[in-house]
Structures are given as C-alpha cells and as structure tokens.
Amino acid sequence: MAVSDAATAGKGLPELTIEVSIKKMEFHVTGYGREGNPTAIVVRNEDGVTHGFYSPLFKDTPVHLEGDGYQVAGKDGPAFRVDPGKTMTLHFTKGSAEAPLTMMSPLVRHVIWCDMHPDVKGELFIIERRG
C-alpha cells in the first residue's frame with residue numbers, strides 16, 4: 001500500500017492526537033482516535049536504537065508521513081521507522097463519520113509493535129461509530 005495524502009478524509013472534523021514515546025524498549029501511549037476523525041500519531045524515539053512502528057490498522061488506511069521517519073515494506077502493509085532521538089507523525093482517518101457517536105460506541109484496540117524488536121508492543125485506541 002502506498003503512502004497517500006490523508007488530509008482530505010474527515011474534512012471539517014478536528015484532528016485528534018495520539019502521542020507515542022518509545023523509551024527503555026517500550027511504547028508509552030497517550031490519547032485516542034475516533035473513527036471518521038482525522039488522527040495524528042506522533043511517535044518520539046527516545047531510545048538509542050532505531051525502532052519500527054507497525055499496526056494492521058495501516059493495512060487498508062491511507063497514511064501521510066511527516067517528520068524524521070521513513071516507510072518500509074511490512075509483511076501485511078506499510079511499516080514506519082524512526083531513528084534515535086527523532087520524531088515522526090502519521091496522519092490518517094480510519095472509517096467514516098457517517099454513523100452517530102454515542103456513549104455506547106465501542107473503544108477498539110489496535111495493536112502496535114516494533115517490527116525490528118518483537119518484544120516492543122502496545123495498543124492504540126480508536127472509538128468506533130455504530131449506527
């Protein structure tokens with residue numbers, strides 16, 4: 001899957017930010033996304049080694065990469081790498097804003113991991129809309 005401009009998807013809705021810092025060989029995640037909203041994942045590598053960033057979430061979702069990271073071919077879709085001390089931002093919109101967002105909307109976990117260090121893993125949360 002090629003990286004493409006995800007800026008036009010979810011137009012008019014606020015961009016939500018998920019912060020991911022990588023330190024001591026662990027992902028530390030704050031924030032969440034919402035289906036249909038533009039989302040930015042800011043990945044900061046605070047370790048002394050290059051780390052990968054992969055999720056099945058990116059398999060069928062166009063991603064626009066900004067910053068100091070770079071894309072590599074993953075097994076099931078694009079993976080991204082960020083060198084020590086560098087930061088990259090991944091912009092995307094998952095799904096659509098067609099269905100209403102309610103208090104009963106499920107919080108869906110999307111697994112993330114470093115494709116270079118299999119023990120470095122975490123989760124992102126995206127609230128899904130159900131009609």
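Position 1 is the first residue of the sequence; numbering continues from there.
Contact annotation: the side chain of Asp115 approaches that of Val72 to within less than 4.5 Å [non-hydrogen atoms, C-beta and beyond]. In this structure, Arg44 and Glu19 have side chains that are in contact, with non-hydrogen atoms separated by less than 4.5 Å. Phe80 has its side chain within reach of Leu65: a pair of non-hydrogen atoms, C-beta onward, lies under 4.5 Å apart. Looking at heavy atoms from C-beta onward, Phe92 lies in side-chain contact with Ile41 at the 4.5 angstrom threshold. Taking 4.5 Å as the limit, some side-chain heavy atom of Ile126 sits within range of a side-chain heavy atom of His110.
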> Are Phe125 and Ile18 close enough, and set up right, to give a side-chain contact (heavy atoms from CB on, under 4.5 Å), and what steps lead you there?
Replying inline: CA-CA 9 Å; Phe125 295 94; Ile18 300 171; over 6 Å; no
> Given the rule in the side-chain contact (heavy atoms from CB on, under 4.5 Å) test, do Leu124 and Thr39 qualify, once you have shown the distances and angles that lead to the verdict?
Replying inline: CA-CA 11 Å; Leu124 299 175; Thr39 301; over 6 Å; no
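Thr61 contributes no side-chain N or O that, together with a main-chain N or O of Lys59, makes up a donor-acceptor pair within less than 3.5 Å. The closest donor-acceptor contact from the side chain of Asp47 to the backbone of Val49 lies at 3.5 Å or more, if one exists at all. Between the Thr89 side chain and the Val42 main chain, no donor and acceptor come within less than 3.5 Å of each other.
Counting only N and O atoms by type, the side chains of Asp68 and Thr87 include no donor and acceptor under 3.5 Å apart.
Taking both residues in full, the closest heavy atoms of Ile112 and Ser55 are given as CG2-CB, 3.8 Å, listed atom of the first, atom of the second, then distance. In terms of heavy atoms, Pro56 sits closest to Val111 at CD-O, 3.6 Å. Contact between Asn45 and Val82 at its shortest, heavy atoms only, is ND2-O, 3.0 Å. The nearest pair of heavy atoms linking Tyr32 to Leu16 is O-CB, 3.7 Å. For the residue pair Gly52 and Met116, the shortest heavy atom distance occurs at N-SD, 3.9 Å. Summarising the geometry of Pro78 relative to Phe58, their closest heavy-atom pair is CD-O, 3.7 Å, with the distance given to 0.1 Å.
A salt bridge between Lys121 and Glu26 is absent, with no side-chain N of the basic residue lying under 4.0 Å from a carboxylate O of the acidic one. Salt bridge Glu123/Arg109: present, at least one basic N to carboxylate O contact under 4.0 Å.
Residues passing the salt bridge (charged side-chain N to carboxylate O under 4.0 Å, His left out) test with Glu15, sequence neighbours excluded: none. Under the ring-ring contact (aromatic ring centres under 6.0 Å, His included) criterion, His117 pairs with His51, sequence neighbours left out.
Atoms CH2 and CZ, on Trp113 and Phe53 in that order, are 11.0 Å from each other to the nearest 0.5 Å. Lys23 NZ to Glu46 CD: the interatomic distance, rounded to the nearest 0.5 Å, is 4.5 Å.
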